[in-house]
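Report on the following structure.
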There are 2 protein chains.
Amino acid sequence: MKYQKIPEATIRRLSRYSRCLEEMEEKGEKVVSSAQLANKCIVNAAQVRKDLAYFGEFGIRGVGYYVRDLLNNIKKILGSNKEWRMALIGVGNLGSSLLAYKDFLKQNYTIVAAFDIDPPKVIGRVSEKLGKPVEVFHINRIKEVTKERKIEIGLIATPPSEAQSVANLLVEAEVRGILNFAPAQITVPEGFVVKDVFFTIILDNLAYLLSN
Amino acid sequence: MKYQKIPEATIRRLSRYSRCLEEMEEKGEKVVSSAQLANKCIVNAAQVRKDLAYFGEFGIRGVGYYVRDLLNNIKKILGSNKEWRMALIGVGNLGSSLLAYKDFLKQNYTIVAAFDIDPPKVIGRVSEKLGKPVEVFHINRIKEVTKERKIEIGLIATPPSEAQSVANLLVEAEVRGILNFAPAQITVPEGFVVKDVFFTIILDNLAYLLSN
DNA sequence: TCAATTTTGTGACTCCTTTCACAAATTTTG
DNA sequence: CAAAATTTGTGAAAGGAGTCACAAAATTGA
Ligand SMILES: NC(=O)c1ccc[n+]([C@@H]2O[C@H](COP(=O)([O-])OP(=O)(O)OC[C@H]3O[C@@H](n4cnc5c(N)ncnc54)[C@H](O)[C@@H]3O)[C@@H](O)[C@H]2O)c1
Ligand SMILES: NC(=O)c1ccc[n+]([C@@H]2O[C@H](COP(=O)([O-])OP(=O)(O)OC[C@H]3O[C@@H](n4cnc5c(N)ncnc54)[C@H](O)[C@@H]3O)[C@@H](O)[C@H]2O)c1
């Protein structure tokens with residue numbers, strides 16, 4: 001396990017292995033081979049082993065991998081063994097569906113505060129959802145509240161025209177991670193990370209494949 | 001312009017170029033160089049030219065590319081110059097936010113029918129949204145209605161446990177393209193295309209980058 | 001008209017990712 | 001206990017994707 005730059009694709013696959021391993025654990029399976037895991041995730045078995053080899057030796061030759069053990073190791077690698085505290089900015093259509101997203105809870109991602117430019121307008125959208133309702137603050141309290149609640153990730157679900165200025169506020173509040181749903185290119189300083197979720201890019205991709 | 005296998009990354013970038021060119025066109029810009037476009041999309045200028053070269057020669061040496069012309073060509077390549085008719089399956093939290101997604105309308109993707117296992121329950125979610133409300137059918141009418149309305153893409157927004165069986169229905173109804181939001185690996189026969197939108201994989205990726 | 005300037009299109013090169021193939025480690029079987 | 005079977009970990013090969021660098025084409029300006 002010498003140090004190397006790790007491909008982003010490897011990280012994405014680890015996340016998929018993690019999901020598969022969770023299912024296996026639920027089914028009570030104790031041991032899995034790279035071939036079985038590869039089969040389930042539709043990748044090459046050598047790829048599975050190589051992905052893991054970037055981070056250490058987790059298997060036993062002639063046996064395979066202990067499901068529980070491998071899952072714990074992958075979670076440690078991904079940083080998904082800890083609770084991540086998130087803020088939602090923009091409690092509109094998409095935003096309020098994110099508040100109700102059960103998978104976030106099952107996984108270890110929690111929305112601990114929400115922000116909007118017009119909290120009274122959106123308050124109904126929040127209380128109508130299941131579980132403990134998330135408090136909605138005015139956007140101008142973002143710095144104060146994110147500090148207080150130790151928020152590490154911001155979800156941007158405002159109109160695209162507001163995305164960059166919201167990102168600037170998050171940067172100012174030292175929220176280092178941003179997941180951006182608004183179809184706008186946003187930039188942040190060194191040390192901050194933005195990942196985009198652009199539905200229409202994926203749709204365009206689908207449309208391309210369907211037309212060819 | 002010899003035939004070659006085209007990288008998926010190229011298609012994704014074309015989609016981004018398309019968005020930038022639309023903005024430029026709105027601003028009234030007539031001509032753009034590969035360097036300017038690259039700068040706006042945060043890629044290498046040679047990359048832009050190479051991406052385009054897979055499909056033909058669209059520029060003029062010493063000048064650049066005509067914005068309008070290049071945009072039309074890219075749309076033709078991506079298949080986004082035509083109207084794509086979509087069905088939504090699962091009108092829950094996420095599903096109803098998709099119904100209200102304005103960008104789908106601005107772009108040429110239209111949801112022309114929705115399906116749920118319990119239409120009466122979800123009807124309020126639809127009528128509360130802006131624009132002309134989308135009709136919600138019981139899932140058991142999917143084959144009939146998709147044929148009648150010439151639907152080409154299905155959006156799966158049901159619980160993950162139902163995703164594969166819904167996909168099977170879409171395959172049966174010969175809906176060739178699927179955009180899957182449920183965190184479940186689904187498989188379809190040759191000739192059909194599935195693209196996944198897995199929020200938690202992207203979040204895991206973000207978490208990894210933040211922990212390292 | 002022709003030299004200087006601009007910018008494309010593309011072959012060659014570099015870098016990164018995936019797959020192959022096999023030695024090494026471990027278990028199973030006779 | 002030794003031979004056969006299994007499965008990992010990894011170096012080497014193959015395959016893609018991105019960048020560089022420059023000839024070719026078009027424009028501009030004197
Ligand atoms: N609706 C979808 O399914 C969907 C899908 C993909 C992407 N998106 C994108 O997600 C974003 C939100 O979409 P939506 O449909 O929920 O829109 P929306 O208009 O319903 O919600 C936007 C919310 O942001 C709030 N807001 C506006 N400016 C703000 C600011 N400066 N600070 C804080 N809050 C602010 C508004 O009050 C509103 O509640 C858009 O960029 C959209 O393109 C939406
Ligand atoms: N809520 C989010 O923001 C979000 C984000 C990412 C992914 N997802 C995923 O999207 C899916 C939907 O999430 P949600 O929060 O909207 O859940 P939800 O429970 O609110 O909605 C699910 C809907 O699907 C319907 N349904 C169930 N079985 C069906 C079937 N066989 N045929 C047709 N309809 C059926 C239900 O009646 C319900 O209306 C889930 O798989 C979820 O993991 C949700």
Side-chain angles (χ1 to χ4, degrees), chain A residues 1-17 20-21 24 29-71 73-74 77 201 205 208-209, chain B residues 1-17 20-21 24 29-71 73-74 77 201 205 208-209:
Chain A
M1 185 204 170
K2 303 158 282 213
Y3 178 76
Q4 280 183 265
K5 207 200 150 288
I6 287 130
E8 184 145 324
T10 289
I11 301 303
R12 274 197 300 272
R13 280 190 300 268
L14 285 180
S15 180
R16 284 164 57 200
Y17 303 156
C20 285
L21 289 167
M24 288 176 183
E29 291 168 36
K30 296 286 177 229
V31 175
V32 67
S33 71
S34 58
Q36 291 170 319
L37 188 56
N39 193 47
K40 194 145 188 220
C41 297
I42 317 182
V43 292
N44 181 294
Q47 181 81 79
V48 171
R49 298 198 295 273
K50 193 129 259 191
D51 284 337
L52 296 172
Y54 282 113
F55 301 98
E57 303 194 3
F58 305 113
I60 300 164
R61 296 176 188 212
V63 180
Y65 303 86
Y66 291 111
V67 172
R68 161 71 61 95
D69 185 50
L70 183 58
L71 182 57
N73 275 301
I74 290 181
I77 293 162
I201 289 191
N205 206 221
Y208 169 78
L209 293 170
Chain B
M1 184 203 172
K2 302 159 286 226
Y3 178 77
Q4 279 185 267
K5 206 200 150 290
I6 287 131
E8 183 143 326
T10 289
I11 301 302
R12 274 198 299 274
R13 281 190 298 269
L14 285 180
S15 180
R16 285 164 57 200
Y17 303 156
C20 285
L21 289 166
M24 288 175 183
E29 291 167 36
K30 297 286 177 230
V31 175
V32 67
S33 70
S34 59
Q36 291 170 319
L37 188 55
N39 193 46
K40 194 144 188 221
C41 298
I42 316 181
V43 292
N44 181 293
Q47 181 79 79
V48 171
R49 297 197 297 274
K50 192 133 259 190
D51 284 337
L52 296 173
Y54 283 112
F55 302 96
E57 303 195 2
F58 305 113
I60 300 164
R61 297 177 188 212
V63 180
Y65 303 85
Y66 290 112
V67 173
R68 161 71 62 95
D69 184 51
L70 183 58
L71 182 57
N73 275 300
I74 290 181
I77 293 162
I201 290 191
N205 205 221
Y208 169 79
L209 293 170

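Just so it is clear, the values below take in all heavy atoms, side chains as well, and ignore hydrogens, waters and symmetry mates. Quick note on labels: first sequence line is chain A, next is B, and so on, each numbered from 1.
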* Asked: Checking side-chain contact (heavy atoms from CB on, under 4.5 Å) for the pair V43(A)/R16(A): CA distance, chi angles, key distance, verdict?
  -> CA-CA 11 Å; V43(A) 292; R16(A) 284 164 57 200; 4.2 Å; yes
* Would you check if Y208(B) and S15(A) make a side-chain contact, meaning some heavy-atom pair closer than 4.5 Å? => no
* Would you mind building the protein contact string for nucleotides 25-30 of chain C? One character per nucleotide, 5' to 3', B for base within reach (heavy atoms under 4.0 Å), S for sugar-phosphate only, - for untouched. => BBS---
* Structure fact -> With sequence neighbours left out, the residues meeting salt bridge (Lys or Arg N to Asp or Glu O under 4.0 Å) with R68(B) are E25(B)
* Using atom CG of N73(B) as one end and atom P of dT8(C) as the other, report the distance to the nearest whole Å. => 15 Å
* Report the distance from atom CD of Q36(B) to atom C1' of dT7(C), rounded to the nearest whole Å. => 11 Å
* Mind calculating the distance between CG (L70(A)) and C1' (dT7(D)) to the nearest angstrom? => 14 Å
* Phosphate OP1/OP2 of dT7(D): any S33(A) side-chain N/O under 4.0 Å -> no
* Structure fact -> To the nearest angstrom, the CD1-C1' distance between I6(A) and dC16(C) comes to 14 Å
* Who are the salt bridge (Lys or Arg N to Asp or Glu O under 4.0 Å) partners of R13(A), not counting sequence neighbours? -> D51(A)
* For the helix from dT1(C)-dA30(D) to dG30(C)-dC1(D), measure the angle between the helix axis at one end and the axis at the other, each built from five pairs, rounding to 10°. => 0°
* To do: Tell me, please, which residues at least two apart from E8(B) pass side chain to side chain donor-acceptor pair (under 3.5 Å).
  => K195(B)
* side-chain contact (heavy atoms from CB on, under 4.5 Å) between I6(A) and I11(A): does it pass, once the steps are laid out? -> CA-CA 8 Å; I6(A) 287 130; I11(A) 301 303; 3.9 Å; yes
* Please name all residues satisfying side chain to side chain donor-acceptor pair (under 3.5 Å) with R49(B), sequence neighbours left out, ordered by chain then number. => S34(B)
* To do: Rounded off to whole Å, could you give me the CD-to-P distance for the E57(B) and dT7(C) pair?
  => 18 Å
* Write down the distance between OH (Y54(A)) and P (dC16(C)), rounded to a whole number of angstrom. => 11 Å
* **Given dG18(D), dT18(C), dG9(C), the nucleotide with the shortest approach to the side chain of A9(B)** => dG18(D)
* Asked: What do the steps show when you test V31(B) against V67(B) for side-chain contact (heavy atoms from CB on, under 4.5 Å), and what is the final call?
  -> CA-CA 5 Å; V31(B) 175; V67(B) 173; 5.7 Å; no
* Asked: Rounded to whole angstrom units, what separation is found between the OH atom of Y66(A) and the P atom of dT8(D)?
  -> 12 Å
* Phosphate contact (dT17(C) OP1 or OP2) by R13(A) side-chain N/O below 4.0 Å -> no
* Structure fact -> Sorted by position of nearest nucleotide on DNA chain C, 5' first, the leading residue of E8(A) and F58(B) is F58(B)
* Sequence-distant partners of F58(A), side-chain contact (heavy atoms from CB on, under 4.5 Å), two or more places apart -> L52(A), F55(A), Y65(A), L70(A), N73(A), I77(A)
* Structure fact -> Residues passing the side-chain contact (heavy atoms from CB on, under 4.5 Å) test with N39(A), sequence neighbours excluded, are none
* Asked: Which residues pass the side-chain contact (heavy atoms from CB on, under 4.5 Å) test with K40(B), sequence neighbours left out?
  -> C20(B), E23(B), M24(B), K27(B)
* Asked: Would you say Y65(A) reaches dG9(D)'s phosphate, i.e. side-chain N/O to OP1/OP2 under 4.0 Å?
  -> yes
* **Interface residues of residues 38-50 of chain B with DNA chain D (non-hydrogen, below 4.0 angstrom)** => N44(B), A46(B), Q47(B), R49(B), K50(B)
* Asked: How long is the gap from OH on Y17(A) to OG1 on T10(A), to the nearest 0.5 Å?
  -> 7.5 Å
* For dT8(D), take OP1 and OP2 only and decide whether either is under 4.0 Å from a side-chain N or O of S34(A). => yes
* Quick one: D51(B) CG to dT19(D) P, roughly how many Å, whole number? -> 10 Å
